[in-house]
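First the structure, in the form of structure tokens, and then the observations on it.
Indexing begins at 1, ligand by ligand and atom by atom, following the structure's order.
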Amino acid sequence: AADTGAAVVEEAVETTDGHHVEVAANVGRPEELSAAADRGADGVGLFRTEFLFLDRESPPSEDEQYEAVREALDTFPDGRVVVRTLDIGGDKRIPYLDLPEEENPFLGERGIRRSLDPDSGLFATQLRALLRAAADGAGELNVMFPLVASVEELESALDAVDSAAADLDDRGVAYERPSLGVMIETPGAVFVADELAARVDFLSIGTNDLTQYVMAADRENERVGDLHDPTYPGVVRAIHRTVEQAHAADAWVGMCGEMAGDPDLTELLVGLGLDELSMSAVTIPDVKTEVSETEYSTASERADDARLAATRSAVQTTIQDT
Ligand code: PEP
Ligand code: MG
């Protein structure tokens, strides 16, 4: 979508009929925090913690991780900061961790699977850092787990949070439990979104991976790039289902894949009921402008047409009509 050079909107935005949508930033490096604030981000919807592990020879300490998360929380004192636990494997590799070679890394030990691997040893340290930062940072910390495919994995991750809290109790260190969430990036997670949402505070849809797995089209393979498109009905319906199930369980639901930053899709996503859209900072002004020009009631009706459409072109027709 073209950058229309929309003016920066500092304050929170709502549709013409008063429906609030949070517009947040995806942040992959600490330097991007101030850029996000300058572009009018309401908060951070995806803080990718991988940067902490890159360009070095050993994993970061608990204190280093604590400092990085505090910086994010202190940059958005009145906002929400959603930190994703370490998401390596698949396309994201870290040499010194010596991960095993896998024949199908995108179907291998990625995301939460690696954090839950008892050999990894990294998860407990990261969770302690996060719980400490939640107590001390200015903004509101939310923590989410990547690539969850089952309720069992979520329950193991929640147990790990309990253990981290118990460790900090033993050490007599101040901490707070952050709000917790699950990334919806796999068909397995979509189908149990009701069960996941019942156990956490929020869901966040990662459409880069969700599209890859729903369409069985490698997100990095240009030969199937045409299929890696979130406007296929299979993906649109997965999003719709996730939003419905989250809301039925009183959880909020956001989106942090690339789809969320496309201003041409803002009306569709608002109409589908997403509470939050998180994107790279550069598109925030355009998306905020789109939200403020959208009528929620109309967007909902159009989104119904989109989710009932049979083909990608039929979905796109509902978008182009706008
Ligand atoms: C996604 O998969 O949509 C996502 C936001 O995570 P990443 O792109 O980092 O895998
Ligand atoms: Mg992902």
Side-chain angles (χ1 to χ4, degrees), residues 22-29 32 36 41 43-54 72 80-94 99 102 104-116 126 142-150 153-154 157 181-190 193 196 202-221 224-225 227-232 234-236 238-239 242-243 246 253-262 265 269 272 274-284 287:
E22 174 140 348
V23 181
N26 291 354
V27 171
R29 303 225 151 237
E32 293 167 19
V44 175
L46 167 61
F47 191 63
R48 293 182 160 105
T49 53
E50 293 76 57
F51 75 86
L52 283 159
F53 292 76
L54 298 173
R80 189 154 68 187
V81 172
V82 181
V83 175
R84 174 176 75 187
T85 62
L86 186 61
D87 186 17
I88 49 170
D91 58 329
K92 308 178 183 85
R93 301 196 63 85
I94 294 173
L99 304 182
E102 296 176 302
N104 286 308
F106 276 120
L107 300 180
E109 203 177 45
R110 294 188 63 194
I112 194 67
R113 302 170 184 183
R114 172 122 295 265
S115 288
L116 294 176
Q126 180 163 47
N142 293 246
V143 172
M144 67 183 179
F145 308 114
L147 212 81
V148 168
S150 67
E153 288 165 324
L154 173 60
V182 173
M183 287 190 75
I184 302 296
E185 303 187 280
T186 67
V190 171
L196 297 170
F202 69 97
L203 304 179
S204 182
I205 305 174
T207 47
N208 308 334
D209 277 312
L210 184 62
T211 304
Q212 156 166 273
Y213 294 122
V214 167
M215 299 305 294
D218 184 338
R219 59 192 272 182
E220 293 178 337
N221 182 348
V224 293
L227 274 172
H228 191 276
D229 182 338
T231 62
Y232 271 107
V235 183
V236 172
I239 295 165
T242 301
V243 172
V253 54
M255 177 182 287
C256 59
E258 295 300 315
M259 185 186 198
D262 183 345
L265 301 179
L269 298 178
L272 286 169
L274 273 306
D275 301 300
E276 177 236 41
L277 301 173
S278 188
M279 63 209 67
S280 54
V282 63
T283 60
I284 288 175
V287 170

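When non-hydrogen atoms are compared, ligand 1 lies under 4.0 Å from the side chain of R48 (C-beta onward) but not from its backbone. In L210, neither the side chain nor the backbone holds a heavy atom less than 4.0 Å from any atom of ligand 1.
Short contacts between ligand 1 and D209, defined as distances under 4.0 Å to a heavy atom of the residue, involve ligand atoms 1 (C), 2 (O), 3 (O), 10 (O). Interface atoms of ligand 1 facing R219, defined by a heavy-atom separation under 4.0 Å, are 2 (O), 7 (P), 8 (O), 10 (O). Ligand 1 places these atoms under 4.0 Å from at least one heavy atom of L46: 5 (C). Residue contact check: C256 has heavy atoms under 4.0 Å from atoms 5 (C) of ligand 1.
For the atom pair CG (L203) and CG (L274), the distance works out to 10.5 Å, reported to the nearest 0.5 Å. Here the straight-line distance linking atom CD of Q212 with atom CG of L107 works out to 8.0 Å at 0.5 Å rounding. Distance check: F202 CZ to R80 CZ gives 8.0 Å after rounding to the nearest 0.5 Å.
Here the options are H228, M259, E185, R219, the test is side-chain contact (heavy atoms from CB on, under 4.5 Å), and the partner is T207; only M259 passes.
Among residues two or more places apart in sequence or in another chain, the ring-ring contact (aromatic ring centres under 6.0 Å, His included) test is passed with Y232 by none.
Nearest heavy-atom pair across S204 and C256 is OG-SG, 3.3 Å. Nearest heavy-atom pair, D229 versus T211, reported as atom, atom and distance to 0.1 Å: N-CG2, 3.4 Å. Of all heavy-atom pairs spanning M279 and I284, the tightest one is CG-CG1, 3.7 Å.
Using a 4.0 Å heavy-atom cutoff, R84 is listed among the residues neighbouring ligand 1.
For the Mg ion (ligand 2), the count of nearby protein N/O/S atoms, taking only those under 2.8 Å, is 2.
Where the criterion is an N or O separation shorter than 3.5 Å, residue side chain and backbone included, E258 fails it with respect to ligand 1.
Scanning I184, N208, L147 for the heavy atom closest to atom 3 (O) of ligand 1 points to N208.
Judged purely by distance below 3.5 Å, without hydrogens or angles, the side chains of S278 and N26 pair a donor atom with an acceptor atom.
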Fill in: Pair I94-L54, side-chain contact (heavy atoms from CB on, under 4.5 Å): steps then yes or no
CA-CA 7 Å; I94 294 173; L54 298 173; 3.9 Å; yes

